[in-house]
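Everything numeric here is computed off the predicted structure, so don't read it as measured data. Chain A is the first sequence line, chain B the second, and so forth, proteins listed ahead of strands; every chain is numbered from 1.
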There are 2 protein chains.
Amino acid sequence: MTESRRGRPSTGVREAVLKATEEVLGEAGLALSTKEVARRAGVVESSVFYHFGNRLGLLQAVIGLHLPVFADATVVLGRTRRSGDLTADLAAVIGGLERFYLRIMPILGALQSDLKLRELLVERQAEVGPHLALKPVAELLRAEQRAGRVRESLDAAAGALLLIGAGHQRALHRYLLGGLAEGVLPPVESVAETLAPAFAVA
Amino acid sequence: MTESRRGRPSTGVREAVLKATEEVLGEAGLALSTKEVARRAGVVESSVFYHFGNRLGLLQAVIGLHLPVFADATVVLGRTRRSGDLTADLAAVIGGLERFYLRIMPILGALQSDLKLRELLVERQAEVGPHLALKPVAELLRAEQRAGRVRESLDAAAGALLLIGAGHQRALHRYLLGGLAEGVLPPVESVAETLAPAFAVA
DNA sequence: GTCTATAAGTTGATAGAC
DNA sequence: GTCTATCAACTTATAGAC
């Protein structure tokens, strides 16, 4: 719909390949092969090389697709309307972060598992990277502080780390353990309730 | 030193292979190959197969070497003497967890990046797995509660998740960004100070 | 832009000598 | 237990036709 009419019309191969890559990345991790990706995308392997140059280029492309989103936790968080009840609001934020991290878990895993990919991340760390999520969450907290719903003396960055840590931790264990995680993990509500006194106005 | 004199004397190949595997795992992640491992261990490739059967067996062996340690966060935490100052103690615990997670990051990354490895984890989840770290930390909190240094009403499991989440989060970003992380991450002390009101006795 | 064909190398794994 | 030798399958990547 938003496609330009100029240039060669896209045949959707690029998109299909990217989608397939994400799929495979979620299953095989970095054991991902261009052949398998091509097979899933219903495309011939050389098309992958045509579009992305080489295997690392393909990996970069999928990661690049997601990394900006890392910085956009506000998309998730901003939409959630504050109820005024601190515990409920904290639970909503943690829950939002949890869903966000669950979605990008394969990409995060790949980043963790490959030296070359990590080097790439360090190179471009100003623009992209999971650490950028810290900023919008801290910003959200500062807004709440201005509204008088969170204590003035709170270190917004540290508060953000705690919220992100909790959300990510829950996401990680759910990703690793699947359905079994529910039996081991404390529920979001408990975590929010536990954290609330640290955020509450004196 | 602790070797038994019975049976064939170990020639250290097994140990060398395991060590090399960890090394490679930290760099290449799951792109780890038996050939490369053998080369680093200074051993012939077929020895790897002799000892571990196949590639997955090798991966299992290194992971199995570390997973029990996941449950043993107390080794780190128990050694740290409580100062009586809640913020300082929380900082020590988070710092300990951070160092622990930094050490096992490659293994955690591998776990995250491979479907087969995750299935294995689910299978053996009662004995091994990162979620087991939750228990000793919660236990530590309960001990502090009994000693009257942490509020009675605190949900120990939720508190543990927050501490672990904070430590893991800091470790993850340091692992991904290297030295650059210091500029982005709030220091442990700030995090501990922020979290303290949630743990303090009324 | 997508295809076929193929090069050149690496992979996990086994058999059998010592 | 460790070695040499070897295998088929698979890997990334390229050239060139359409």
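- Residues from residues 31-47 of chain A that place a heavy atom under 4.0 Å from any atom of DNA chain C, listed by number: A:Val43, A:Val44, A:Ser46, A:Ser47.
- D:dA17 atom P lies 17 Å from atom OH of A:Tyr50, rounded to whole Å.
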key: Residue pair B:Leu59, B:Leu25: steps toward the side-chain contact (heavy atoms from CB on, under 4.5 Å) verdict   = CA-CA 9 Å; B:Leu59 251 16; B:Leu25 207 52; 4.2 Å; yes
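- Side chain of B:Arg118 to backbone of B:Gln112: a donor-acceptor contact under 3.5 angstrom is found.
- Inspection of the B:Thr87 and B:Glu193 side chains reveals no N or O donor paired with an N or O acceptor under 3.5 Å.
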request  = Would you sort out whether A:Phe199 and A:Arg149 count as a side-chain contact (heavy atoms from CB on, under 4.5 Å), showing the intermediate values?
outcome  = CA-CA 9 Å; A:Phe199 285 62; A:Arg149 285 190 289 265; over 6 Å; no
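- Between B:Glu98 and the options B:His168, B:Gln169, B:Arg170, a side chain to side chain donor-acceptor pair (under 3.5 Å) holds for only B:Arg170.
- Rounding to whole angstrom units, CZ of residue A:Phe49 and C1' of C:dA7 are separated by 13 Å.
- A salt bridge does not link B:Lys116 with B:Glu119: none of the charged nitrogens is closer than 4.0 Å to a carboxylate oxygen.
- A donor-acceptor pair is defined here as one N or O able to donate and one able to accept, closer than 3.5 Å; such a pair exists between the side chain of A:Arg151 and the backbone of A:Ala198.
- For A:Glu22 (side chain) and A:Val62 (main-chain N/O), no donor-acceptor pair under 3.5 Å exists by modelled atom type.
- Listed by residue number, the members of residues 51-59 of chain A with any heavy atom below 4.0 angstrom from DNA chain D are A:Asn54, A:Arg55.
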